[in-house]
Structures are given as C-alpha cells and as structure tokens.
Number of protein chains: 2
Amino acid sequence: MQLDRLDARLLSIVQTHNRHSSEELGTMVGLSATAVQRRLKRLRDAGVIEAEVAVVKPKSVGRPIAMLVLVTLERERADIVDRFKQSIRQTPEVMNGYYVTGDADFVLIVTAESMEDYEVFTRKFFYENPDIKGFKTMVVMDRVKTGFSVPIDFDHFS
Amino acid sequence: MQLDRLDARLLSIVQTHNRHSSEELGTMVGLSATAVQRRLKRLRDAGVIEAEVAVVKPKSVGRPIAMLVLVTLERERADIVDRFKQSIRQTPEVMNGYYVTGDADFVLIVTAESMEDYEVFTRKFFYENPDIKGFKTMVVMDRVKTGFSVPIDFDHFS
DNA sequence: TGTGAAACCTCCTGCAG
DNA sequence: CTGCAGGAGGTTTCACA
C-alpha cells in the first residue's frame, strides 16, 4: 500500500495517542473529519495499523518485575525454531520474543510476579524443553523505553 | 489503586483490542455499558491504563529491519547511566530500551530502513559517545511476539 | 450499581468538486 | 482524491434512584 505524507502524519499521531476525535486529527493534519476517518479505515483494512490497544502498567496488575532472556537452541533447525516460536506465542509470561542472529538464537522479555515465580517459570519453560541448550537471564532494572512507536520520516512519502 | 476481578477482565480485553463498544465489553464481563465506561475512566485516571495507541506495522512505513543491541558502558556510574537513558528517550530509532543487570548494561531494539542506515546510526549513536565501552548487534530475523500484553491472573483480584 | 436523557463523536452513504 | 450533509448508532457525562 502506498502512503502519502498525510497518512504518515496521522500514523505518527495515533501510534502514541489513539483517543483524539477525527475532528481534532483533522485540524492537526489539515483535513476534514470525514477524510481522516476514511484514511484511518483504509490504513486499518490494509494492515498498516495492526492493532489498537490499551497499554496496562504491569505493576498495577501484580507483575512488577521483568527479565530479559537470551536463549540458545540445541540445534538451529527449521522445525525446532518453529516449535519454539509456537511456545513463545502460547506463553503469556513472555511479553516479547525475537528470533535473532548472533550469540543467542532468541531474546525474550518475560514478566513475573516475583523472583520465585520466575524461577518456577524457568523450570517449566526452559529446563523441561529438550530443544533448549541454554539460557542467560538479565534482570530488567528499568524499562527506559517501552512501546512500539515506529519513527516515521515524512520526507519519505509523497 | 485496588482492582477487582471485573477491572482485571476489562484490562485483559482492552490491552489486546481497544475498539470494542462499551456495550460489547459490558456483555463480556457482565456489566452495563455505563459501568464499563466509569471503570475505564477510573483506570485511565489512576494510570493503570498508561496509554491507548495504534500499533503501526514497521514495514509499511519504510523500517523493515530491526536490530537488538547489547550495550556496555565505560563505567556504570549513576550520572553516566542517566545520561544514556536520556539519549535513548531522545532517539526515535530506538524503539525499546532496557537497563539490565548482567553481561550488558543496556539492551536496545533499534529499527532501521536498511543496513547502511543502521551503520550510519551506530556511528552517531555509539561511536561518538565516549560513555560507551562497546556494543554487540544481533539482527532481528523475526519479531515473534511484539506488543505489550501483560498476563493477568484473575484469581489475584477480589 | 443501573437508568434515562442530552450532547457529542463515529461511521457510512450519497453527492458534488 | 477532497469536502459537505444526513442518518444510524456508540460514547460520554449528567442527574437520579
């Protein structure tokens, strides 16, 4: 799908604040409310906007701590990789999972209620999985930047 | 703020799909539309809901690739750490930044338009920063799980 | 908590530029 | 593609029970 500068500006706004009215958005980018709605619908239907979500503070729901885990598989074979991707998707404690090149095969962000809780998690998720060669846990002391705001360069759009 | 089971159920819904009508939410959790809206407003005001955002597909806006970078500082001193946190917040290419214990001091998720673009970024962001001792780049081959869904255990709420 | 009313917003459609 | 206008339905905030 081909985007123009107005789409880009709308995206950069709604990706950080999705509760503006169409009229507000219209005055911000210089369009009518109707045009804004048409464009947002187009962006949603085309999958440019993948989802619209509320961000919940983890501490408020009893998950104050997070770990960053570097995972290495026994063998980097397609079926093993796919199987591990599946288990990532099915495990709610894993908030974030990346398949990467380099020292590790996967990098995960895992939330926990406590250290003991995380320890229990590692037993079930890592030690009982024969595909996993090893993992290294780094405790997250501060989530400096969370969120998924993509930098948007307006000059790249007509 | 004290949450109950209904709040927890509302949160678990809106954190993955924030476009339900209040009435839909009401029938899902067993409340009237008005009560749902009152609760959501309370959760927003209390900061339990930190933000409401649209998730934009990075590929659609010209940022098809991502790197995961392990950063080590020259010295882990409070003022140096704080200065680096600030530069993370001010740099849009850094989508995600964590201050961690262990082998590295920070872990970043950086988006780029291309490898050359990333190389330019590393010169400006890492090599020109005297606080940085070193960094190790891992190319993200697949973003298996992105998003911010916190696992919510309903049993933990009255 | 629920109900009901009023004001506003959304979303879709048709029409015109 | 744009804006304008109309209508159905959802949101949001009141007061009141």
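So that the names make sense, note that chain A is the first sequence line, chain B the second, and so on, each numbered from 1.
Rounded to a whole Å, the NZ atom of B:Lys41 is 10 Å from the C1' atom of D:dT12. The separation between B:Asn18 atom CG and D:dT11 atom P is 11 Å, rounded to whole Å. In this structure, the CG atom of B:Leu6 is 11 Å from the C1' atom of C:dT1, given to the nearest Å. Here the P atom of nucleotide C:dT10 and the NE2 atom of A:His20 are 11 Å apart, to the nearest Å. Whole-Å rounding puts the A:Leu43 CG to D:dC1 P distance at 11 Å. As a whole-Å value, the separation of B:Arg44 CZ from D:dT13 C1' is 13 Å. Between A:Leu25 atom CG and D:dT2 atom C1' there is a gap of 17 Å when expressed in whole angstrom units. Put simply, CG on A:Leu40 is 14 Å from C1' on C:dC9, counting in whole angstrom units.
The neighbour count for A:Glu50 CD, taken as heavy atoms of other residues, nucleotides or ligands under 6.0 Å away, is above 12. Residue-environment remark: CD (B:Glu23) stays at or below the threshold of 12 foreign heavy atoms within 6.0 Å.
Exactly one of B:Arg83, B:Arg75, B:Arg77 qualifies for a side-chain hydrogen bond (donor to acceptor under 3.5 Å, both in side chains) with B:Asp131. That residue is B:Arg83.
In this structure the side chain of B:Thr91 reaches within 4.5 angstrom of the side chain of B:Phe121, judged on heavy atoms. Using a 4.5 Å cut-off on side-chain heavy atoms (C-beta onward), B:Asp4 and B:Arg39 make contact.
Contact annotation: A:Gln37 side-chain N/O to C:dC11 OP1/OP2 distance is under 4.0 Å. Of the side-chain N and O atoms in B:Arg19, one or more sit less than 4.0 angstrom from OP1 or OP2 of C:dC11.
Ring geometry, A:Phe84 versus A:Phe106: the interplanar angle exceeds 60°, so the pair is classed perpendicular (tilted spans 30 to 60°).
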Pick out the pairs of N or O atoms, protein on one side and nucleotides 3-6 of chain D on the other, that lie under 3.5 Å.
from  : atom 1 : to      : atom 2 : distance (Å)
D:dG3 : OP1    : A:Ser32 : N      : 3.2
D:dG3 : OP2    : A:Ser32 : N      : 3.3
D:dG3 : OP2    : A:Ser32 : OG     : 2.9
D:dG3 : N7     : A:Arg38 : NH2    : 2.9

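At a threshold of 4.0 angstrom between heavy atoms, the contacts of B:Arg39 are confined to the sugar-phosphate backbone, with no base atom among them.
Salt-bridge formation is not detected for the pair A:Asp153/B:Arg63: no Lys NZ or Arg NE/NH1/NH2 atom is positioned less than 4.0 Å from an Asp or Glu carboxylate oxygen.
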